[in-house]
Structures are given as C-alpha cells and as structure tokens.
Amino acid sequence: MTDLTELAKRRGFFLQTAGAYGGTAGFYTFGPQGAALKDNIENAWRDRFTVREGNMAVDAPTVLPEPVFEASGHLDTFDDMLVECPDCGESHRADHVVEDETDYEEAESLGPERVGEIIAEYEIVCPTCGAGLAGQAIEDFNLMFETNIGPGSSSPGYLRPETAQGIFVEFPQLAEYARHQLPFGVTQIGRAYRNEISPRQSLMRVREFTQAELELFIDPEEDEPDLSPVADVTAPFYSAAAQDADDGTATEMTVREAVDEGVVADPWIAYYLGVATEWYERIGVDMDRFRFRQHLAGERAHYAADCWDAESNLGDPDGEDDWHEIAGFAYRSDYDLSKHHEHSDEAYTVFKQYDEPVTVERPTVDPDMSALGPEFGGREVEGSEGSRGASGETASRAAGANDDGTVDEDGTVTVEVDGEPYDVPVSDTGFAVKEVTESGEHIVPHVVEPSLGIDRALYTVLDHSYREDEVDGEERTYLELPPEVAPTTVGVFPLMDRDGLDEEARAIAADLRERGLSVTYDDSGAIGRRYRRQDEVGTPFCVTVDYATIGEAEDPEEGEPREGDREETSTRTAAGGSRERSDPREDTVTVRERDTTAQKRVPIEELGETLEALRDGDLAFADL
RNA sequence: GCGCCGGUGGUCUAGCGGUAGGACCUGAGCCUUCCAAGCUCAUGGCCCGGGUUCAAAUCCCGGCCGGCGCACCA
C-alpha cells in the first residue's frame with residue numbers, strides 16, 4: 001500500500017488535494033494517469049450497467065434542497081449524537097448509551113438536549129471505563145455537507161451523500177420516460193459527499209467520491225430477473241450465517257446455486273452480483289481477493305431490506321487479510337419512493353393494469369351537508385371524511401353502517417363526532433353501494449440498487465495489478481492493468497532519437513492516435529528506461545521503430561547518417577553510394593508486451609488493427 | 001474526535017542547536033543499434049504559526065497533514 005501510494009503520486013495516478021496549503025484530509029486529485037484510468041473504468045461501467053442492460057442514464061445535481069433529505073431520512077439518520085468520555089476519551093453514540101441503560105427507545109428522536117438530561121438523571125457511565133458521563137457535551141455530528149441555496153440561510157441544501165436520491169426524487173418524470181413500464185432501470189455516475197469523521201486508507205475512505213449507481217424499479221409481485229446470462233458465474237459468497245459461525249468462511253458457488261440454496265434471498269440481487277463479478281474481473285480486480293459479504297441484521301442501512309457488499313482484499317498477499325467494501329447491493333423495497341410519495345406533492349407510483357378489468361361493489365358516501373352542516377357545524381364528521389380515499393370498508397362503517405355492519409332499526413347509524421356518538425339518518429349520509437369498474441391499481445415500485453464506488457474500484461485495481469519482478473537482473477515494477485482500462489494503450493519509441501527513426505516513430509504515433517488509440521510518444525534516454533516508464537503506468541504494449549523498419553543495416557561499422565541527409569535513408573538504394581547499408585525497408589516495427597517483455601515484429605500497415613485487436617482481447621499476443 | 005508515532009527537493013532518505021548532503025527521478029549535452037548502463041552539467045528541499053536562544057530543519061507549544069490503534073462508517 002505504501003509502495004502503491006508512492007507510485008501513484010510519482011507517476012500521476014492520484015495525489016493529495018491542495019498540498020501547497022498543507023493538504024486537506026479526505027480529498028484526492030486524480031493526476032493524468034489516474035484521470036484516464038478512472039475514465040476507462042467509468043466507461044466500462046457504463047457499457048455494462050447502462051448500455052448492455054438497456055437502462056437509461058441521468059445526471060442530477062450534487063446539491064439538493066433540504067426537503068429531499070427530510071424525506072429520504074438522511075437528515076435524521078446522518079445526524080449522530082456523540083458523547084465523549086472525560087476519562088478515557090472514547091466517543092460513544094449518546095442515543096445508544098441511553099437506550100442500553102434505560103427503558104427509552106428511539107432515543108435519537110429525543111434530541112441532544114433531552115438525551116444529555118437523561119444521561120445526567122440516570123447517572124449513566126462510560127461503557128468502556130465506567131467514568132460518569134453526566135455533564136459531557138452531546139455533540140451533533142452530521143455527515144452531510146450543508147450549504148445555502150441562494151443568499152441568506154432560508155433555503156438550506158446539502159451535498160448529496162449518495163447519488164441515488166437524485167434519481168428517486170425525479171421518479172415521476174422518469175417513469176413517464178419509461179412509459180410507465182416496469183421494470184426499468186436508471187443509472188447515474190457522479191460525485192457524492194460525506195463529511196467522514198476520519199478519512200483513512202488513501203482513496204478508500206474519502207469525503208468526496210464517485211459513485212456509479214443503478215436504481216432498478218420493479219413490481220415486486222410480478223417481475224423476476226432472467227438469471228441465465230450470469231447463472232454460471234462463480235463468486236465467493238460470505239453469508240450472514242457464515243459470519244456468525246465461528247469458523248465461517250466464504251463459499252464459492254455459482255449465482256444459480258446461490259439463489260437455489262437460498263444464500264441470496266432476492267434473485268435480483270443475485271443477478272447483479274453476477275453482473276458485478278464479471279465487471280470487476282474485466283477491469284482488473286483479482287478474483288482471489290474478492291468476495292460478496294451479506295450485511296448482518298444490525299448493520300443494514302435504514303432503507304435496506306437485504307444487503308450484500310462486494311469486498312476486496314487489500315492486505316499483503318502473504319500476510320493478513322484486509323477486506324474493504326467496494327460496492328453495496330441493496331434491496332431498498334419501496335422505502336425511498338414511499339417517502340417521497342408522502343413528503344412531496346407528486347405520486348411516486350405507477351399504474352398497474354389488471355389482465356382483466358374487475359368490477360367491484362364499492363360503498364360510497366355523498367353526505368347531505370345541507371342537513372349535516374347546520375347540525376355539526378365546523379366539527380369534523382368522520383362520515384363525510386370517510387368518503388375520500390379511505391377503503392370501502394371504512395367508508396361503509398363510518399357512513400353506511402355501524403361497526404357491526406348493521407343499520408339501526410330507526411334507520412340511523414351511529415357516527416362519532418369529536419368522540420361523541422350521534423345518531424344520523426342513513427338518508428343524510430348519502431350512503432350507497434355502487435358498481436365500479438377498475439382496470440388496475442397504483443403501486444409503489446420496489447427498488448434494487450447496485451451501488452459501486454468508482455474510487456475504491458480504481459484503488460483496488462491498482463493494488464491488485466501491482467507487480468514487481470526482475471528482467472535481466474534488474475528490478476522492475478509494473479501494473480498488470482487490463483488493456484481496456486490502462487491509461488495509455490501503446491507507447492511508441494524510436495530506438496534512437498536520430499537517423500530518421502524519430503520521424504518514422506512520430507508518424508506512426510500520429511496514425512495510431514488518428515485511430516483513437518491512447519498513445520504516448522517518448523524518445524528520451526535509453527530504450528529500456530522508456531519501457532520501464534510505461535510499465536509503471538501499466539501501458540500494455542510498446543512499439544519500437546528500429547533500423548530494420550527503415551532499411552538500415554543492423555551492424556553499422558561506418559559513420560552513421562547524420563542530420564542533413566535524412567531523406568537519403570528512404571531512397572538509399574536508388575541513390576547508390578552506400579550499398580553496404582542498402583537493405584530494403586522492412587516497414588515493420590517491434591511490439592513489446594508489458595507482462596512478458598516479449599517482442600514480435602508487426603508490419604506497420606497492420607499495426608493499428610493489431611493493437612486494437614490486442615486491446616479488445618480479440619487477439620492474444622502469443623498468437624502474433 | 002481521542003491516543004501513539006511521524007512530516008527534509010518530484011520520490012526515497014542523511015543530518016537532530018551554528019541556516020542542508022546523498023540516491024533515484026527530471027532537463028541539457030556526450031555516448032549508446034531493444035529492456036532503469038556510463039560521463040558532464042543543470043533544476044529542485046527543511047509542512048505552517050508562535051516560543052526559547054546570539055543562533056532552530058534540529059528544543060518547546062499550537063495548527064495542518066499522514067500512518068497505526070480506538071471510536072465512527074446511515
């Protein structure tokens with residue numbers, strides 16, 4: 001990890017932000033290599049989770065107004081109350097301490113002042129060392145960055161702690177775009193912010209990070225995934241049950257087995273675990289240092305019904321394991337949409353049409369207010385309210401019949417007004433049972449959410465691809481990045497920076513760039529140094545223009561052609577006078593593979609095509 | 001946020017009261033016909049702020065940043 005951080009800074013993958021001002025914890029800037037790598041990882045994610053899944057991508061603001069987070073629950077649950085022990089200095093969740101030591105439940109909702117009072121009243125002591133906590137300040141710690149929208153403080157906003165809310169809050173319109181057809185998926189890749197108490201471990205725990213999220217909206221009663229594309233994907237599953245067992249370990253099994261054996265309860269989650277497994281492998285995560293871990297019951301987020309994490313092992317390969325969460329797969333049920341449905345003015349539902357319209361008898365009320373109004377004035381009459389929205393059963397009880405479903409002999413029903421029972425004539429309530437034809441119902445979709453941390457994936461890929469070996473007795477450091485994500489695909493060098501080799505190499509570099517390949521040109525120093533430089537940033541292939549390329553002898557005994565007669569190099573045969581170096585141009589270059597340092601000669605005219613095939617995995621270097 | 005340890009060129013490091021030396025990297029030149037070779041030259045540094053002292057990179061205090069442990073991680 002130390003070596004990697006050093007290489008990351010030296011070679012331009014990532015560095016601490018604003019180091020000139022002392023740096024600031026939890027923020028990193030991606031350098032040229034890191035930015036390119038991150039782009040490539042993000043593009044691989046878009047390809048897999050948006051394009052190939054047929055989902056739609058959106059791009060929401062990072063700042064959202066306060067009501068969004070009131071609805072989502074983040075304002076409450078992100079607001080931790082901490083109390084610090086005056087003796088041993090340990091911080092504890094004040095609300096948890098109170099819940100443990102008293103009969104109070106949901107102490108969080110009592111507010112910090114009341115919790116402080118309770119701690120004093122009950123003389124609660126520090127769970128660690130036993131010192132009294134009375135009188136200690138209850139610190140409010142909100143993990144969201146707060147800001148003001150516009151001048152003044154009347155309109156607070158927060159930097160989103162997850163990209164997801166930007167999708168949920170727009171659900172009504174997104175459902176429109178999806179033509180109200182479930183299931184549909186919406187993806188988003190973007191920054192999220194959490195004011196972490198203690199950023200640690202380089203890129204793995206930062207205050208601003210990039211999330212790649214998919215929110216899949218499903219009808220929980222109808223929709224089921226087609227597991228077949230990933231059914232045979234194998235991954236290690238570390239279930240909650242296995243974690244509870246003393247000697248529990250992750251079990252290697254296919255996605256199909258995980259579902260059939262009930263290890264992963266929800267098939268949608270299982271499907272995305274399969275998709276993610278393939279994706280992580282594709283971008284260069286070592287599958288021997290990867291697993292899925294189910295959240296323990298007490299560990300789940302406030303919205304999650306079931307949750308699995310993807311974890312990568314960043315420990316020393318020969319040493320202790322060091323597992324880190326790099327993605328979460330949560331079955332969020334209808335939590336988020338229901339919340340926004342309640343808090344906002346819009347309906348976060350889709351209309352689900354029945355196969356056949358159903359005709360039901362539905363009790364209705366149509367109160368005769370000219371009769372009831374004068375009698376009951378402004379007081380709320382349950383019977384008249386009951387006609388709106390409530391179920392037929394409620395309406396019938398309230399307006400058409402007593403609780404036992406009967407109508408009194410004198411043709412009245414008993415209605416409660418402000419707790420007082422009144423007899424009201426049935427004729428005045430307008431009670432009737434009508435036949436209604438219903439063609440469907442409004443349902444709140446459930447949400448399945450694969451949420452991947454891009455920075456953590458990037459760091460894992462770097463960690464897992466870091467290699468040290470020896471070539472010709474010299475130590476070598478290289479990154480075994482998959483060609484698809486490597487910041488640079490090909491390095492192009494002239495063997496010597498003269499004799500027209502450089503011109504030839506520049507022309508080749510330009511041609512390759514024209515094809516859209518990511519190319520680095522380098523003519524400095526010795527060739528070996530240039531290879532090592534590219535090795536360190538994970539460039540999978542290097543092309544070298546040598547004397548064979550341009551038709552020079554391999555064994556120059558006489559003076560080399562110097563500046564001034566460069567054009568002669570390509571017309572030497574015709575020009576005569578230098579017949580001992582008159583070999584014809586081979587028009588081939590060497591292509592060197594990073595991982596093996598092996599070289600093959602490739603004709604220049606096939607070079608672009610060959611490199612593209614190598615990059616895309618359509619051609620193996622060994623088959624050249 | 002607490003505790004322990006640390007912060008010297010881009011990177012790694014020596015110096016630990018008298019204002020800095022090396023290695024690597026980088027740049028220029030020489031040399032060099034495929035894996036960090038060699039030679040010459042050059043660029044570049046004591047985290048920040050106070051204090052003690054004739055004098056502070058060095059000692060003290062505070063801050064910032066980092067590593068590790070604790071807590072936290074919805």
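Just so it is clear, the values below take in all heavy atoms, side chains as well, and ignore hydrogens, waters and symmetry mates. We name chains A, B, ... by the order of the sequence lines, and we start the count at 1 in each one.
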For B:C65, take OP1 and OP2 only and decide whether either is under 4.0 Å from a side-chain N or O of A:Gln16. no
Any strand: nucleotide that pairs with B:U52 via Watson-Crick or wobble, under 3.5 Å: none
Whether A:Asp469 and A:Arg476 form a salt bridge (side-chain N of Lys/Arg under 4.0 Å from carboxylate O of Asp/Glu) is what I want to check. yes
In the structure I gave you, are the side-chain heavy atoms of A:Tyr158 and A:Leu75 within less than 4.5 Å of one another anywhere? yes
Taking for each residue the nucleotide of RNA chain B with the nearest heavy atom, is it A:Pro161 or A:Pro199 whose nucleotide lies nearer the 5' end? A:Pro199
Check step by step if side chain to side chain donor-acceptor pair (under 3.5 Å) holds for A:Thr489 and A:Ser518. CA-CA 5 Å; A:Thr489 310; A:Ser518 171; 4.7 Å; no
Would you please name every residue forming a ring pair (Phe, Tyr, Trp, His ring centres under 6.0 Å) with A:Tyr272, sequence neighbours left out? none
With heavy-atom distances below 4.5 Å as the criterion, would you say the side chains of A:Phe292 and A:Gln294 are in contact? no
Are any of the side-chain nitrogens in A:Arg529 or A:Asp522 under 4.0 Å away from the carboxylate oxygens of its partner? no
Can you find a donor-acceptor pair, distance only, under 3.5 Å between A:Ser198 side chain and B:C72 base? no
Using a heavy-atom cut-off of under 4.0 Å over every strand shown, decide if A:Arg592 touches base, sugar-phosphate, or nothing. base
Counting only distance, no hydrogens or angles, is the base of B:C73 paired donor-acceptor with the side chain of A:Glu196 under 3.5 Å? no
Nearest nucleotide by nearest heavy atom, which residue falls closer to the 5' end of RNA chain B, A:Arg456 or A:Ser524? A:Ser524
Can you tell which of A:Glu208, A:Met144, A:Arg205, A:Glu162 makes a side chain to side chain contact (heavy atoms under 4.5 Å, CB included) with A:Arg194? A:Glu162
Any donor-acceptor N/O pair under 3.5 Å between B:G69 base and A:Arg200 side chain: yes
Going by heavy atoms closer than 4.0 Å, what residues in residues 23-33 of chain A are next to RNA chain B? A:Gly23, A:Thr24, A:Ala25, A:Gly26
Which protein N or O atoms sit under 3.5 Å from an N or O of nucleotides 37-39 of chain B?
from, atom 1, to, atom 2, distance (Å)
B:A37, OP1, A:Arg529, NH2, 2.7

Do the rings of A:Phe69 and A:His74 sit parallel, tilted or perpendicular, given the 30° and 60° boundaries? perpendicular
Under the side chain to side chain contact (heavy atoms under 4.5 Å, CB included) test, which residues partner A:Thr610, sequence neighbours left out? A:Val602, A:Glu606, A:Leu614, A:Leu619, A:Leu624
Could you walk me through whether A:Arg532 and A:Glu474 pass the salt bridge (charged side-chain N to carboxylate O under 4.0 Å, His left out) check? CA-CA 11 Å; A:Arg532 298 304 167 81; A:Glu474 297 279 354; 5.4 Å; no
Closest nucleotide among B:U11, B:U32, B:C34 to the A:Arg10 side chain: B:U11
Can you build the contact string for nucleotides 41-50 of chain B? Use B for base contact, S for sugar-phosphate-only contact, and - for no protein heavy atom under 4.0 Å. ----------
Is any N or O donor-acceptor pair between the side chain of A:Tyr21 and the base of B:C64 shorter than 3.5 Å? no
Ring pair (Phe, Tyr, Trp, His ring centres under 6.0 Å) partners for A:Phe168, two or more places apart: none
Could a donor-acceptor pair under 3.5 angstrom be found where the side chain of A:Arg205 meets the base of B:C72? yes
